Amino acid sequence: MSVIDENRRLEDLDREFIWHPFTQMKEWLEEKPIIISEGRDCFIKDIYGQWYLDGVSSLWVNIFGHRKKEIDDAIKEQLDKISHSTLLGLSNVPAIKLAEKLVEIIQKSLPSSSSYNKVEDAELNFGNPPNPPLEKGGKGGFDKKGLCKVFYSDNGSTAVEVSLKMAFQYWKHKGINEKNVFVSLKNAYHGDTIGAVSVGGVDIFHEAFGPLLFKTYKAPSPYCYRCDLGKEYPDCKTVCLDKLEEIFREHSEEIAGFIIEPLIQAAGGMITSPPGYLAGARELCSKYGILMIADEVATGFGRTGKMFACEYENVIPDIMCLSKGITGGYMPLAATIATDEIYNAFLGEFKDLQTFFHGHSYTGNPLACAAALACLDIFEKEKVLEGLKIKIEILKEWLNENLNLRNVGDVRNAGLMAGVELVRDKNTKEPYDREEKTGWRVAYQARNKGVFIRPLGNVIVIMPPLSISEQNLRQLLTVIKDSIIEITERS
Ligand code: PMP
């Protein structure tokens, strides 16, 4: 069979057999699918030999580019030993080494001695001074020795699912049976399993499943461009935190935990929270005896310019969820990290049934853990976080310049995670109708110019691998700018 025939066959087979995620398959069937066959550095190649700059890091997971030698080698080396064995009743070497490394990195990044009185000037697009820290104290504080117990699973949704079940069960073991409800934010996205959807707040993804979901309280999203409370930052004095406190105050007896994407609500539209919001939320959780779950699935591993987003506001959550970049975008792996206090509450006699009843077949997969170990090594050896500063500056400068475009309403970033919100009318902030698919049309335009991006509604997402060169970053941004202008101003 000729190469052309083989390629056509692959296209037909894709249409016949694959059901793509988050994709209207009727439309997909009418399009020519892009089928990826190879990758190198920040580029991916399709079966016809066309290369694309991977502008969203293969769905936010890839941090060192494709075919990174050290990660390739680590996986190959592990392959020669064993690919998989279970963590249920057994342990394995890479899983142990990785757990130690993760705890070391977390404790180095989030020292438990940290206080909340220093809110760093984050690599955010918010030049304003942070809020003063809230009063400390109150009842319900935890004996926090830092995050030190690693529970593995295999994707972001399961990391979140685990955190919710852990928090829920923790209170039962403490003899507090009323704490059965979670608080989350509007515009939150924590994954697609039913528990994760229950704490989600993006109507377009989550509404359809309403009858299946468990009860949650939803606090306003700290979305300054479209404030639910009709306020303007910074005059508002972060009143959204007051609303969160109202929920906590009224319902703390039944609230098990509060889950938050620190600094930036990613899939909700790259919504950056104002300085002080995260630290304020932490204070409120401590004050009202509520476990804080930081979902760092998207923000972890350097995305925001620091190893973890929580570092910016010196926040130590009670539970932290990690996935995506953990293996450099190579293998499915996730970790839910809990404090000693939570872990200890599960210790007991066999007959007491205080076991954490959760575990997946691929929990702690050795190949994935080996990839993750190599990835964490690269962070140290290549001083990755230091190298990010200049790239984040380039991105921020570009974003600020592009705020002047006719249909760009807002630009936001946390490190190398950025969103450009397109609007029909800048003065009124009128959005484009969903049916117009403006974000998608920009993405298709960019694709024709050799750049792969995937929007979130009217928000153009920019999230290249951390390893992108300055030159490739500038190239990516130029294509995105041209595509925005061509779609919003010329068509
Ligand atoms: N939490 C956050 C913050 C995410 O951004 C995502 C995925 N975009 C998830 C959880 C779910 O991760 P996964 O797709 O691996 O299940």
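Indexing begins at 1, ligand by ligand and atom by atom, following the structure's order. On a predicted model such as this, the values are computed, not experimentally measured, just so you know.
- Short contacts between ligand 1 and K324, defined as distances under 4.0 Å to a heavy atom of the residue, involve ligand atoms 5 (O), 6 (C), 7 (C), 8 (N).
- Looking at L291 and Y170, their side chains come closer than 4.5 Å, going by heavy atoms from C-beta outward.
- Ranking the protein heavy atoms by distance from atom 3 (C) of ligand 1 puts D295 OD2, 3.3 Å first.
- By the salt bridge (Lys or Arg N to Asp or Glu O under 4.0 Å) test, E421 pairs with R226, R412, sequence neighbours left out.
- Residue, atom and distance of the protein heavy atom nearest to atom 15 (O) of ligand 1 are G156 N, 2.8 Å.
- Remark: among candidates A298, S153, G191, A294, the nearest residue to atom 5 (O) of ligand 1 is A298, based on non-hydrogen atoms.
- Of the heavy atoms in H190, only backbone atoms (N, CA, C, O) come closer than 4.0 Å to ligand 1.
- Residue contact check: S157 has heavy atoms under 4.0 Å from atoms 11 (C), 12 (O), 13 (P), 16 (O) of ligand 1.
- For atom 9 (C) of ligand 1, the closest non-hydrogen atom on the protein side is V297 CG1, 3.8 Å.
- Listed by number with element, the atoms of ligand 1 under 4.0 Å from a non-hydrogen atom of W60 are 5 (O), 8 (N).
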#### Entry: Candidate pair Y217 and F258, rule ring pair (Phe, Tyr, Trp, His ring centres under 6.0 Å), full reasoning
CA-CA 9 Å; Y217 291 112; F258 168 63; over 10 Å; no
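- With Y225 as the aromatic partner, K429 meets the cation-pi criteria of under 6.0 angstrom to the ring centre and within 45 degrees of the ring axis.
- Of all heavy-atom pairs spanning G302 and L385, the tightest one is CA-CD2, 3.7 Å.
- Within the cation-pi definition used here (under 6.0 Å to the ring centroid, within 45° of the axis), K149 does not qualify as a partner of F151.
- Both the sub-6.0 Å distance and the 45° axial angle are not jointly satisfied by K324 relative to the ring of F301.
- By the criterion of a heavy-atom distance under 4.0 Å, both the backbone and the side chain of Y189 are placed next to ligand 1.
- Geometrically, ligand 1 and S323 share no nitrogen or oxygen pair separated by less than 3.5 Å.
- Residue contact annotation: E296 has no non-hydrogen atom under 4.0 Å from ligand 1.
- Closest of all the heavy-atom pairs between T363 and Y152 is CG2-O, 3.2 Å.
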